[in-house]
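Presented below is the structure to which this report refers.
Just so you know, residue 1 is the first one in the sequence shown, and it goes up from there. Every heavy atom of this structure was used, including side-chain atoms; hydrogens, water molecules and symmetry mates were not. Everything numeric in this text was worked out from a predicted model, so none of it was measured.
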Amino acid sequence: MHRRTLLQLICGVPLLSQLGGCRGVAHRVAPRNPDEAVLVIGGGVAGLGAAERLQERGYRNVTVLEARDRIGGRVWTSRAWDQPVDLGASWIHGPRRNPITRLAREAGVEMRPTDFDEVTRYGPSGTVLSEAEQRKLRRLERKAYWALGSRRGRDAASLADRLSQALGDVSAADRAMVDYLINASLEQSFAEDAANLDAGVLEFGSEFGGGDVLFPGGYDSVFAPRFAELDIRTGHVVESIAWGSDGVVVTTSQGVMQADRVILTLPLGVLKQGAVAFDPPLPEAKQAAIRAMGMGCLNKLYLRFPETFWPTDVEGFSYLAPTTGRWSQWLNVRYYVDAPILLAFNAGSFARETEAWSDADVVAGAMEVLRRMFGRSIPEPTGFQRTRWASDVFSYGSYSALRPGVDEATVRALGNPVGDRLFFAGEATSTEYPSTVHGAYLSGQREAERLMVA
């Protein structure tokens, strides 16, 4: 997920608030029973964090079950080209005192700071915005800040409704610019349309300080070496979980396994789909939380070219599309590595819409925007890589999104254990760092600690 200046303006600090430490993880405790069998469902960052913490505390019978043929979940680095590209998570958001920063340093992984405010903005016709247009954008940005900041409160309104009510009547041209700013600053960050985001989303959660960093060598290099010693079994698609006072029985595509306790780190999208049967069913409060919360979608399209035809001294490009949010945000990968690659982001309903498009249509749509910005004579790409996160049967989306009416109590209900047998982790269960890699990692450690004292 990536953040934008408007978020910082609205909240007065780099996204909501800054914390000095890692709240939400319990103090060190001794293992309750290091010989009991624990199954961790999901080999994403939350599951890996949970298994690692249990192993550190002396648990000797911990097994991670992962449906995919790789670990990492929504941290997914493709090495199909000589230059790795991240199809899932790309950034550490707030590297100061962030646990992922520590893991990256321990792994000796290169990190590059990024500043997505350093972008060149293009108007609908493809020309760079004039200084007058830039000033107008800044004025509208401040207006949007005051509009949203002056109407805080819990009224179950959507972010789009709150903005419309607060802004009042504005010209069609100004509203188009405001919609662009909202898309660039919020919809792209939260992977959902403003109409499907709670108006209080700006006040929800916390953030570490220090901007953003990414990994030129791929995000997976942070985790792959570290978790090599864990008992991870890939290709295990969990079908059902039966639980009771005498333990847990987990049925997977490769057989049946028994455990004393289970930590579930399934993505919210999988829970919403009902892909796993629970016997007995989960408590109604848990099911209500699953239904209430949203699963956002942020899709990526990488285009590789025979040569670089765009300016290389800026970190990205932003396009005020005639239809808001369509091929609007571009990362200049060439700025960070010696490879002629551009990355386009699409979020929310348009991201979901494009998943039904053919590869040819997706590339053509992106190229039409690039030709408006850089000329009709630019070359065709020599390769592309795209994502379809909403259609991915092991995630059904990119990361959680706060729907109208969802609050901290809903998130807590999602993360609450069921008795002393089932524990729930994942970025969607984090009230402090939702939708982030570090939120997932810390949630896994949180549940490991909770299991040890249950």
Inset, instruction - Assess whether side-chain contact (heavy atoms from CB on, under 4.5 Å) is satisfied between Phe223 and Ile100, documenting all intermediate values. - result: CA-CA 9 Å; Phe223 299 105; Ile100 307 302; 4.1 Å; yes

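- In terms of the salt bridge (Lys or Arg N to Asp or Glu O under 4.0 Å) criterion, Asp69 has no residue partners (sequence neighbours excluded).
- For Trp389, the ring-ring contact (aromatic ring centres under 6.0 Å, His included) partners at least two apart in sequence or on another chain are Trp76.
- If you check the side chains of Thr410 and Asp407, you find a donor sitting under 3.5 Å from an acceptor.
- Residues passing the side chain to side chain donor-acceptor pair (under 3.5 Å) test with Asn416, sequence neighbours excluded: none.
- Heavy-atom contacts from other residues, nucleotides or ligands closer than 6.0 Å to CD of Glu229 number 12 or fewer.
- Partner Trp330 forms a side chain to side chain contact (heavy atoms under 4.5 Å, CB included) with one of Val369, Val119, Leu343 and no other, that one being Val369.
- Without hydrogens or angle criteria, Tyr219 side chain to Trp91 main chain gives a donor-acceptor distance under 3.5 Å.
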Legend entry - Worked check of ring pair (Phe, Tyr, Trp, His ring centres under 6.0 Å) between Tyr319 and Tyr180: CA-CA 9 Å; Tyr319 174 60; Tyr180 156 78; 9.2 Å; no

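- Between Pro267 and Arg74, the shortest heavy-atom distance links the atoms CB-NH2, 3.7 Å.
- A search for salt bridge (Lys or Arg N to Asp or Glu O under 4.0 Å) contacts involving Arg121 returns nothing, not counting sequence neighbours.
- Counting only distance, with no hydrogens or angles, the side chain of Arg388 and the backbone of Glu355 share a donor-acceptor pair below 3.5 Å.
- Using a 4.5 Å heavy-atom cutoff, the side chains of Val418 and Pro283 are in contact.
- The shortest non-hydrogen separation linking Val437 to Val75 is CG2-CG2, 4.0 Å.
- Not a single salt bridge (Lys or Arg N to Asp or Glu O under 4.0 Å) links Lys143 to another residue, sequence neighbours left out.
- The two residues Ser130 and Glu133 come nearest to each other via the heavy atoms N-OE1, 2.8 Å.
- In this view, Thr101 satisfies the side chain to side chain donor-acceptor pair (under 3.5 Å) rule with no residue, not counting sequence neighbours.
- For the side chain to side chain donor-acceptor pair (under 3.5 Å) test, residues two or more places apart in sequence or in another chain that qualify with Ser358 are Asp361.
- When only modelled atom types and interatomic distance are considered, Ser318 and Gln329 share a side-chain donor-acceptor pair under 3.5 Å.
- Here the side chains of Arg372 and Pro124 are not in contact, with every heavy-atom distance at 4.5 Å or above.
- In terms of modelled atom types and a separation under 3.5 Å, the side chain of Asn98 and the main chain of Gly94 share a donor-acceptor contact.
- Ser185 places a side-chain N or O within donor-acceptor distance of the main-chain N or O of Leu181, the cut-off being under 3.5 Å.
- Minimum heavy-atom separation, Ala448 to Ala50: CB-O, 3.6 Å.
- A donor-acceptor pair under 3.5 Å is formed between the side chain of Glu66 and the backbone N or O of Arg68.
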Legend entry - Arg304/Trp81 under side-chain contact (heavy atoms from CB on, under 4.5 Å): CA gap, chis, key distance, verdict: CA-CA 9 Å; Arg304 182 159 193 160; Trp81 297 337; 3.6 Å; yes

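- For Thr77, the side chain to side chain donor-acceptor pair (under 3.5 Å) test picks out Asp86, Asp220, with sequence neighbours left out.
- Applying the salt bridge (Lys or Arg N to Asp or Glu O under 4.0 Å) rule to Glu284 yields the partners Arg291; only residues at least two apart in sequence or on another chain are considered.
- Within the structure, every pair that satisfies the ring-ring contact (aromatic ring centres under 6.0 Å, His included) test and touches residues 352-380, not counting sequence neighbours, is listed here: Tyr122-Phe374, Phe309-Phe374, Phe317-Phe374, Phe350-Trp357.
- No donor-acceptor pair under 3.5 Å is formed between the side chain of Asn299 and the backbone N or O of Asn346.
- More than 12 non-hydrogen atoms from other residues, nucleotides or ligands lie less than 6.0 angstrom from CG of Asp359.
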Legend entry - Check against salt bridge (charged side-chain N to carboxylate O under 4.0 Å, His left out), Glu56 and Arg53: CA-CA 5 Å; Glu56 288 173 348; Arg53 179 54 59 91; 3.2 Å; yes

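- The two residues Arg175 and Ser164 have their closest heavy-atom pair at NH1-OG, 3.2 Å.
- Legend: residues meeting side-chain contact (heavy atoms from CB on, under 4.5 Å) with Asp193, ordered by chain and number and at least two apart, are Glu187, Asn196, Ser349.
- Put simply, the side chain of Thr265 never gets that close to the backbone of Ala46: no donor and acceptor are under 3.5 Å apart.
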Inset, instruction - Apply the test side-chain contact (heavy atoms from CB on, under 4.5 Å) to residues Leu159 and Asp198: give CA-CA distance (whole Å), side-chain angles for both, the deciding distance (0.1 Å), then the verdict. - result: CA-CA 5 Å; Leu159 190 66; Asp198 187 83; over 6 Å; no

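- Of the possible polar contacts, one joining the Gln83 side chain to the Pro216 backbone as a donor-acceptor pair under 3.5 Å is found.
- Scanning for ring-ring contact (aromatic ring centres under 6.0 Å, His included) contacts around Phe424 gives an empty result, with sequence neighbours left out.
- Between Phe208 and Tyr433, the gap from one ring centroid to the other is short of 6.0 Å.
- Gly42 approaches Val64 most closely through the heavy-atom pair O-CG1, 3.7 Å.
- Judged by distance alone, the side chain of Ser443 and the main-chain N or O of Ala440 form a donor-acceptor pair under 3.5 Å.
- Contact check for Trp310 versus Arg334: side-chain heavy atoms found under the 4.5 Å cut-off.
- Side-chain atoms of Glu449 never come within 3.5 Å of backbone atoms of Arg446 as a donor-acceptor pair (strictly under, hydrogens ignored).
- There is a side-chain donor-acceptor pair under 3.5 Å between Ser78 and Gln385.
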Legend entry - Full working for side-chain contact (heavy atoms from CB on, under 4.5 Å) between Phe345 and Lys300: CA-CA 5 Å; Phe345 299 94; Lys300 295 181 174 183; 3.8 Å; yes

